[in-house]
Amino acid sequence: MHKIEFIKAKNNQTSCSADGIMLHSSYDPCKEAERFVQTAPVPFSPKYILLTEPAVSYCARYLKEKYPEAKICCIRYVQDFSQYDNEWNKTFYIKEEAALSEEIFSYMGEEGISSCVFLSWKASEKVFKQENSIAWNAIKSAVLKSRSVLATRSYFAKRWTKNTLRFCTFAKNTLEIQKGNIPVVICASGPSLFSSLNKIKENRKKFFLIAVSSALSPLVNRNIIPDMCISTDGGYWAKLHLSFALKKHNIPLALPAEGCYFAENIINTKVIPLFYGDGISEEILKSCGYTKTPAQRNGSVSGTAAQLALNLTTENIYFCGLDLSPSTGFSHTQPNELEINAARFDTRLLNSETRIAPSCFKNDSLEIYRSWFKNTDFKNRLFRLSDGYPYKNNLGSVIDVGWEKAEIDFEKNKNGSKIKFINTTKEFNQDERINTLTKIIFERCKSEEWKKEAFTAEWISFNRSNDESKRKELELKMNSFEKDILKSLGK
């Protein structure tokens with residue numbers, strides 16, 4: 001505990017000390033804060049400014065005056081200054097590093113963090129050494145995550161746009177979801193899913209069952225047909241999970257337009273188009289008249305599935321197969337389509353044991369996904385369900401439960417209103433649709449919104465510097481982008 005004392009400065013303003021060290025001037029705290037803001041290193045026009053432990057918050061007013069377009073935020077190390085929190089657009093409080101990093105990222109997003117200036121009130125550094133270290137490590141983690149996400153967006157932007165154009169060319173049989181109030185079970189494909197397969201089959205009629213794409217094979221292999229499948233991955237490998245089961249069982253597929261799939265799956269499958277509320281795909285989907293099913297973009301399909309399920313029912317959500325940890329064997333419950341495909345190329349020297357060995361070790365992606373689940377508030381409605389499986393981690397507010405508790409819940413709510421699908425299919429001429437999509441590209445490809453989505457890092461860099469050479473480079477990249485995506489329409 002730190003000893004905080006409030007005193008009157010010479011000019012009669014409030015000053016304070018912590019553990020005997022002054023956090024503000026004992027003569028003129030306001031003047032000190034104004035001087036700090038005027039000399040702070042801010043090399044561009046920021047969207048956010050984040051200051052660590054500003055104590056009595058004199059800086060806030062001067063930051064707002066100098067940077068009126070920016071959101072002014074702070075990280076508090078102690079509760080003693082909470083009476084001054086209304087001076088800030090957003091106040092974060094010190095907590096475990098991963099949780100604070102996730103909170104910062106959730107509030108600002110990858111673009112906001114890239115346009116944020118991080119400042120430290122130096123007096124607080126001297127007193128709150130441990131808290132200061134946690135805060136700046138959390139900031140570093142948030143910045144690294146934002147860079148990773150921006151790199152992913154830049155790498156996949158062209159593919160996501162092409163996927164969207166293909167989606168709008170082929171997807172005719174569409175559905176809208178009508179909410180209900182029965183429990184929902186979501187199946188991911190972690191090793192713990194195996195422990196629940198018999199129970200899922202036994203209780204199948206008592207809940208709405210969602211399978212993420214990689215869980216389709218183990219479910220269908222046990223003759224368990226989910227009510228809906230969800231896939232969000234924009235990469236090639238997502239196709240393999242979908243191709244085998246959708247063809248045989250006519251399972252409705254929830255899919256963002258930027259997701260990856262085989263064209264025959266989209267043509268012959270009933271699709272629930274997921275809208276993320278941003279980006280190029282959103283604009284194209286709206287222009288083509290697809291019915292809106294809101295979803296949240298997430299690093300993992302399980303994250304998107306969890307948020308979607310919370311909006312589909314008023315009852316509890318149970319997750320099976322949500323391990324999010326290294327495993328000593330296969331990282332997925334078998335059969336798994338990627339494993340089946342990879343096994344075809346096994347040799348005596350490069351065998352299955354060699355191939356699955358990396359799943360035993362720490363995985364950065366799993367760390368990120370686990371951190372998201374651990375630090376997201378699911379309003380006490382999301383549970384991790386297994387039949388006695390010994391999990392190697394905890395997921396914060398996501399409570400681990402056994403089937404005894406879940407079965408009581410299922411029995412109590414089995415007669416609730418069902419989650420249903422409404423047919424929204426609209427016939428369209430494919431040539432006319434392609435012409436519509438071509439027109440959209442010609443009209444919008446030079447817009448700032450599309451530049452930001454297609455080359456996010458470059459767009460942020462240009463807007464931070466207003467460098468003419470960077471503007472020309474961005475224009476050249478957009479010209480190439482336009483030509484490339486038009487090829488996917490045969491133009």
Side-chain angles (χ1 to χ4, degrees), residues 47 109-112 114-115 146 148-171 174 230-236 238-239 253-261 263 266 271-299 301 304 308 428 430 432-463 470-471 473-491:
K47 289 186 177 179
E110 62 272 18
E111 293 174 27
S114 297
S115 299
S146 74
S148 175
V149 172
L150 288 174
T152 300
R153 283 176 57 177
S154 295
Y155 181 81
F156 281 104
K158 194 180 295 181
R159 182 180 296 178
W160 287 342
T161 305
K162 287 183 175 181
N163 286 347
T164 300
L165 295 172
R166 291 175 69 247
F167 181 97
C168 293
T169 301
F170 297 117
T174 55
I230 181 170
S231 178
T232 59
D233 195 339
Y236 170 78
K239 294 181 179 181
L253 172 64
L255 183 79
E258 62 196 39
C260 198
Y261 44 80
I266 291 297
V271 181
I272 302 104
L274 298 181
F275 283 63
Y276 287 143
D278 59 19
I280 294 172
S281 62
E282 174 91 355
E283 192 171 332
I284 295 174
L285 281 171
K286 284 181 179 177
S287 299
C288 291
Y290 285 101
T291 303
K292 190 171 185 177
T293 298
Q296 292 191 24
R297 192 189 303 276
N298 194 278
V301 62
T304 299
L308 180 62
F428 58 83
Q430 198 167 87
E432 289 178 0
R433 175 56 60 84
I434 290 174
N435 289 335
T436 299
L437 294 170
T438 304
K439 183 180 178 183
I440 293 169
I441 293 170
F442 282 138
E443 288 178 351
R444 299 294 296 150
C445 204
K446 299 298 191 295
S447 70
E448 289 300 305
E449 292 86 353
W450 280 42
K451 289 176 186 176
K452 184 176 77 170
E453 287 300 319
F455 299 101
T456 310
E458 292 88 342
W459 184 85
I460 291 173
S461 179
F462 165 66
N463 277 273
K470 290 184 178 181
R471 184 192 67 78
E473 180 186 355
L474 186 56
E475 293 293 342
L476 288 173
K477 287 189 173 185
M478 285 306 296
N479 288 336
S480 175
F481 178 82
E482 180 180 344
K483 291 175 183 177
D484 202 20
I485 61 175
L486 281 169
K487 288 180 183 177
S488 66
L489 296 174
K491 299 291 184 179

S.K.: For the CZ atom on Phe428, are there more than 12 heavy atoms of other groups (residues, nucleotides or ligands in this structure) within a distance under 6.0 Å?
M.R.: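 For Phe428, atom CZ is crowded (more than 12 foreign heavy atoms under 6.0 Å).
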
S.K.: Let me confirm one number: the OH-OG1 distance from Tyr155 to Thr456, rounded to the nearest 0.5 Å.
M.R.: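 The OG1 atom of Thr456 is 15.5 Å from OH of Tyr155, to the nearest 0.5 Å.
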
S.K.: Would you be so kind as to tabulate the donor-acceptor pairs closer than 3.5 Å made by side chains of residues 474-482, with sequence neighbours excluded?
M.R.:
residue	atom	partner	partner atom	Å
Glu475	OE2	Lys451	NZ	2.6
Lys477	NZ	Glu458	OE2	2.8
Asn479	OD1	Lys446	NZ	3.4
Asn479	ND2	Glu475	O	3.4
Glu482	OE1	Lys446	NZ	2.6

S.K.: Would Trp459 and Glu448 count as having a side-chain donor-acceptor pair, cut-off 3.5 Å?
M.R.: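 Looking only at side-chain atoms, Glu448 and Trp459 do form a donor-acceptor pair, the distance falling under 3.5 Å.
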
S.K.: Could I get the full list of side chain to side chain donor-acceptor pair (under 3.5 Å) partners for Thr174, not counting sequence neighbours?
M.R.: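 Testing Thr174 for side chain to side chain donor-acceptor pair (under 3.5 Å), a comparison that skips the adjacent residues, returns Thr424.
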
S.K.: Any side-chain donor paired with an acceptor under 3.5 Å for Thr164 and Glu258?
M.R.: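 No - no donor-acceptor pair under 3.5 Å links their side chains.
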
S.K.: Would Thr232 and Tyr276 count as a side chain to side chain contact (heavy atoms under 4.5 Å, CB included) if you check the C-alpha gap in whole Å, the side-chain angles of each, and the deciding distance to 0.1 Å?
M.R.: CA-CA 11 Å; Thr232 59; Tyr276 287 143; 3.6 Å; yes

S.K.: Could you state the interatomic distance from CD (Glu449) to NZ (Lys452), rounded to the nearest 0.5 Å?
M.R.: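 Rounded to the nearest 0.5 Å, the CD-NZ separation comes out at 7.5 Å.
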
S.K.: How would you list, by chain and number, every residue that makes a salt bridge (Lys or Arg N to Asp or Glu O under 4.0 Å) with Glu283, sequence neighbours excluded?
M.R.: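 With sequence neighbours excluded, Glu283 shows a salt bridge (Lys or Arg N to Asp or Glu O under 4.0 Å) to Arg444, given in chain and number order.
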
S.K.: Tell me, which pairs form a side-chain hydrogen bond (donor to acceptor under 3.5 Å, both in side chains) where one or both residues lie in residues 286-296, sequence neighbours left out?
M.R.: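 Non-adjacent pairs meeting side-chain hydrogen bond (donor to acceptor under 3.5 Å, both in side chains): Tyr290-Arg433.
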
S.K.: What heavy-atom pair brings Glu111 and Leu150 nearest, and what distance separates the two atoms?
M.R.: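 It is CG-CD2, 4.4 Å.
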
S.K.: Evaluate Ile284 against Phe167 for side chain to side chain contact (heavy atoms under 4.5 Å, CB included), listing each step before the verdict.
M.R.: CA-CA 10 Å; Ile284 295 174; Phe167 181 97; over 6 Å; no

S.K.: Output, in order, the C-alpha distance, side-chain angles, deciding distance and verdict of side chain to side chain contact (heavy atoms under 4.5 Å, CB included) for Ile441 and Leu489.
M.R.: CA-CA 11 Å; Ile441 293 170; Leu489 296 174; 3.8 Å; yes

S.K.: Using side-chain contact (heavy atoms from CB on, under 4.5 Å) as the criterion, point out the one residue from Leu437, Leu165, Thr438 that pairs with Leu486.
M.R.: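 It is Thr438; the other options fail the test.
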
S.K.: Excluding sequence neighbours, so at least two apart, what forms salt bridge (Lys or Arg N to Asp or Glu O under 4.0 Å) with Asp484?
M.R.: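 For Asp484 the salt bridge (Lys or Arg N to Asp or Glu O under 4.0 Å) partners, ignoring immediate neighbours, are Lys158, Lys162.
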
S.K.: Rounded to the nearest 0.5 Å, what's the gap from CD1 on Ile272 to CG on Leu308? Could you check?
M.R.: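 If we round to the nearest 0.5 Å, Ile272:CD1 and Leu308:CG are 8.5 Å apart.
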
S.K.: Please round to the nearest 0.5 Å and tell me the distance separating atom SG of Cys168 and atom CD of Gln430.
M.R.: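 Here the rounded value is 12.0 Å.
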
S.K.: Could you walk me through whether Val301 and Ile230 pass the side chain to side chain contact (heavy atoms under 4.5 Å, CB included) check?
M.R.: CA-CA 7 Å; Val301 62; Ile230 181 170; 4.1 Å; yes

S.K.: With no hydrogens and no angle check, is any side-chain donor or acceptor of Ser114 less than 3.5 Å from a backbone partner on Glu110?
M.R.: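 Yes, the answer is positive, given that a donor and an acceptor are paired below the 3.5 Å cut-off.
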
S.K.: So how far is it from Asn163 CG to Thr161 OG1, rounded to the nearest 0.5 Å?
M.R.: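 Asn163 CG to Thr161 OG1: 8.5 Å, rounded to 0.5 Å.
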
S.K.: When you measure from the side chain of Ser115 to the backbone N and O of Gly112, does any donor-acceptor pair fall under 3.5 Å?
M.R.: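 Answer holds: no.
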
S.K.: Hey, what do you get for CH2 (Trp450) to CZ (Phe455), rounding to the nearest 0.5 Å?
M.R.: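 So the CH2 of Trp450 and the CZ of Phe455 are separated by 12.5 Å.
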
S.K.: Report the residues that fulfil salt bridge (Lys or Arg N to Asp or Glu O under 4.0 Å) with Glu453, sequence neighbours left out, ordered by chain and then residue number.
M.R.: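 Testing Glu453 for salt bridge (Lys or Arg N to Asp or Glu O under 4.0 Å), a comparison that skips the adjacent residues, returns Arg153.
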
S.K.: Can you give me the closest heavy-atom contact between Ile280 and Ala454, atom names plus distance?
M.R.: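 Shortest heavy-atom separation between Ile280 and Ala454 comes out as CD1-N, 4.4 Å.
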
